[in-house]
Amino acid sequence: MNLLRFDLYETQLWVLGFRWSLGIEALTRGEATAMQTAASILVRGFLPAIALVVTFLLVAYRFGRLYCGWLCPHFSLVELLNDVLHRASGKLSLWDTSPTPRGQRQPQAHWWPVYVLLCAVMGFVWAITLLTYLLPPAVIWGNLVHGSLTANQARFLGIGTLVFSLELLLARHLFCRFGCAVGLFQSLAWMANPKGMVVAFARERARECRTCDAPHGSACDHACPMRLNPRNIKRMMFSCAQCGQCLSACETSQGAQNRSSSLEWVVGLDAVRETLRQRKEDRQ
């Protein structure tokens, strides 16, 4: 859709459906001086890129992996595949050592082919998407529909589909935690800010967690799509996607017992106090 891509055919950057020129063509045609071209590259190239990165990191500094939890298409796939795998095996990851209870749901073997097929299909879609960042989408989809892909296009789609399918099948949580540069830099910015938004846990009410989702255990642990313990200290929540599912689960389970949620968002000085309290408890 030309929202953000670089076309190798035209050697042209597309942004939100428009050609984004740096002014180099005017220099080659003799219509601009070297200084004018340098200024155009600075204003239309470097400054917007720097502004975008700085804004992105400032949001992460304040709110953490907000992009991951609310806008990232990969995280949406993680949630979808978690649910399908849970229907098949009762687990949210192939590497989980024990099932994750969710209501009265019981594993059903007929979901296994759906899970594997969904990983393969989404891997194929992602491979096409990655290729169309560099080549016109109309060309790739047209060649695919008419069976006229070039050897290089077919090779790229084949290898890309295999890699993405295996990642979604086996390592989607590991990729989110350690392999995604976008997520990693958001986490680093967030960890550097003691006032950044965190999930605070009322530790004086920890005993209530024993009956939170009886007989299964704590509902928040089972709700986290990143396989984290939401009641843990901030430095152990490095890859938290700020999706808020743990808070929703806590509110639901505690509300069923006429109790208020023991998890809440805090930011600013409240987040600092939460961190200081965690450090004090660690020393004790």
Query raised in the report: What is the minimum heavy-atom distance between Leu85 and Leu94, and which atoms define it?
Result: CD2-N, 3.7 Å
**Report entry** Full working for side chain to side chain contact (heavy atoms under 4.5 Å, CB included) between Phe201 and Cys209
**Finding:** CA-CA 11 Å; Phe201 172 52; Cys209 295; 3.7 Å; yes
Report summary line: Taking every heavy atom of Tyr67 against every heavy atom of Pro73, the minimum-distance pair comes out as OH-CD, 3.9 Å
Query - Test log, rule side chain to side chain contact (heavy atoms under 4.5 Å, CB included), inputs Val199 and Trp265 - result: CA-CA 5 Å; Val199 175; Trp265 293 119; 3.4 Å; yes
Query - Trace of the side chain to side chain contact (heavy atoms under 4.5 Å, CB included) decision for Leu130 with Phe156 - result: CA-CA 10 Å; Leu130 184 60; Phe156 182 95; 3.8 Å; yes
Report task. Determine whether more than 12 heavy atoms belonging to other residues, nucleotides or ligands lie under 6.0 Å from atom CZ of Phe6. Result -> yes
Requested in this report: Establish, from distance only, whether the side-chain atoms of Gln245 and Glu79 form a donor-acceptor pair under 3.5 Å.
Outcome: yes
Requested in this report: Mind checking the CG-OG spacing from Asn229 to Ser218? Nearest 0.5 Å is all I need.
Outcome: 7.5 Å
Query raised in the report: Transitively linked via ILVMFWY side-chain contacts under 4.5 Å: Ile140 with Leu134?
Result: yes
Query raised in the report: Does any N or O in the side chain of Gln36 come within less than 3.5 Å of the main-chain N or O of Thr33, such that one atom is a donor and the other an acceptor?
Result: yes
Report task. For atom NE2 of His110, decide whether the heavy atoms of other residues, nucleotides or ligands shown that lie under 6.0 angstrom number more than 12. Result -> yes
Query raised in the report: So, Trp111 versus His86, ring centres under 6.0 angstrom or not?
Result: no
Query raised in the report: Checking Trp70 side chain against Gln242 main chain: does a donor-acceptor pair fall under 3.5 Å?
Result: yes
Query raised in the report: With distance as the sole criterion, is a donor-acceptor pair present between the side chains of Ser260 and Arg205 under 3.5 Å?
Result: yes
Report task. Could you go through the salt bridge (Lys or Arg N to Asp or Glu O under 4.0 Å) check for Arg231 and Asp221 one step at a time? Result -> CA-CA 8 Å; Arg231 295 166 295 158; Asp221 293 344; 2.9 Å; yes
Query raised in the report: So which heavy atom on Pro225 is nearest to which on Phe75, and how close?
Result: CG-CZ, 3.4 Å
Query raised in the report: So do Met237 and Ile233 actually touch side chain to side chain, heavy atoms under 4.5 Å?
Result: no
Report summary line: Separation between SG (Cys180) and CZ (Arg177), nearest 0.5 Å, reads 14.0 Å
Query raised in the report: Distance-only, no hydrogens or angles: does the Trp190 side chain make a donor-acceptor pair with backbone N or O of Cys240 under 3.5 Å?
Result: no
Report task. Could you tell me whether the side chain of Ser165 and the main chain of Leu162 form a donor-acceptor pair under 3.5 Å? Result -> no
Query raised in the report: If you look at every heavy atom in Cys68 and Gln186, which pair is closest and at what distance?
Result: SG-NE2, 3.2 Å
Query raised in the report: Do Tyr133 and Leu157 share a hydrophobic cluster, counting only Ile, Leu, Val, Met, Phe, Trp and Tyr and linking them when any side-chain heavy atoms are less than 4.5 Å apart?
Result: yes
Query raised in the report: How many angstroms lie between OG1 in Thr129 and CZ in Phe164, if you round to the nearest 0.5 Å?
Result: 8.5 Å
Query raised in the report: Do Leu247 and Ser261 have side-chain heavy atoms sitting under 4.5 Å apart?
Result: no
Query raised in the report: With a 4.0 Å cut-off, would you call Glu167 and Arg172 a salt bridge?
Result: no
Side-chain donor-acceptor distances from residues 51-65 under 3.5 Å, at least two apart:
| unit_1 | atom_1 | unit_2 | atom_2 | d |
| --- | --- | --- | --- | --- |
| Thr55 | OG1 | Ala51 | O | 2.8 |
| Arg65 | NE | Gly183 | O | 3.0 |
| Arg65 | NE | Ser187 | OG | 2.7 |
| Arg65 | NH1 | Cys176 | O | 2.8 |
| Arg65 | NH2 | Cys176 | O | 3.4 |
| Arg65 | NH2 | Gly183 | O | 3.1 |
| Arg65 | NH2 | Ser187 | OG | 3.3 |

Query - Joint cluster assignment, Ile128 & Leu118, ILVMFWY side-chain distance < 4.5 Å - result: yes
Query raised in the report: Can you name the nearest heavy-atom pair linking Asn82 to Leu92, along with the distance?
Result: OD1-O, 3.0 Å
Requested in this report: State yes or no: do Leu117 and Leu169 share one hydrophobic cluster built from I, L, V, M, F, W and Y residues joined by side-chain heavy-atom distances below 4.5 Å, directly or via other members?
Outcome: no
Query raised in the report: Under the side chain to side chain donor-acceptor pair (under 3.5 Å) criterion, do Thr132 and Arg5 qualify, and how do the steps go?
Result: CA-CA 8 Å; Thr132 54; Arg5 52 181 297 270; 6.0 Å; no
Query raised in the report: salt bridge (charged side-chain N to carboxylate O under 4.0 Å, His left out) with Arg227: which residues, sequence neighbours excluded?
Result: Asp96
Query raised in the report: If we only count heavy atoms from C-beta on, is the Phe178 to Ser239 side-chain gap below 4.5 Å?
Result: no
Report task. Output the distance between atom CE (Met122) and atom CG (Leu80), rounded to the nearest 0.5 Å. Result -> 7.5 Å
Query raised in the report: Just by distance, do the side chain of Trp95 and the backbone of Ala171 share a donor-acceptor pair under 3.5 Å?
Result: no
Query - Rounded distance [0.5 Å steps], CG in Leu13 versus CG in Asp7 - result: 10.0 Å
Query raised in the report: Below 4.5 Å, heavy atoms only, C-beta onward: do Tyr9 and Val139 meet side chain to side chain?
Result: yes
Query raised in the report: In terms of hydrophobic clusters joined by side-chain contacts under 4.5 Å, are Leu170 and Val78 together?
Result: no
Report task. May I ask you to test the Thr161-Trp126 pair for a side-chain heavy-atom distance under 4.5 Å? Result -> no
Report task. Look at atom CZ of Phe185 and say whether more than 12 heavy atoms of other residues, nucleotides or ligands are closer to it than 6.0 Å. Result -> no
Requested in this report: Kindly indicate, with the supporting measurements, whether the criterion side chain to side chain contact (heavy atoms under 4.5 Å, CB included) is fulfilled by Cys212 and Cys250.
Outcome: CA-CA 8 Å; Cys212 166; Cys250 182; 5.8 Å; no
**Report entry** Gap separating the CE atom of Met191 from the CZ atom of Arg235, nearest 0.5 angstrom
**Finding:** 8.5 Å
Query raised in the report: Would a 4.5 Å heavy-atom cut-off, applied to side chains only, mark Met197 and Val266 as touching?
Result: no
**Report entry** Where at least one partner belongs to residues 84-93, residue pairs that pass salt bridge (charged side-chain N to carboxylate O under 4.0 Å, His left out), sequence neighbours excluded
**Finding:** Asp83-Arg87
**Report entry** Side-chain donor/acceptor of Gln153 to backbone N/O of Leu131, under 3.5 Å
**Finding:** no
Query raised in the report: What are the two closest heavy atoms between Leu263 and Cys220, and how far apart are they?
Result: CD1-CB, 3.8 Å
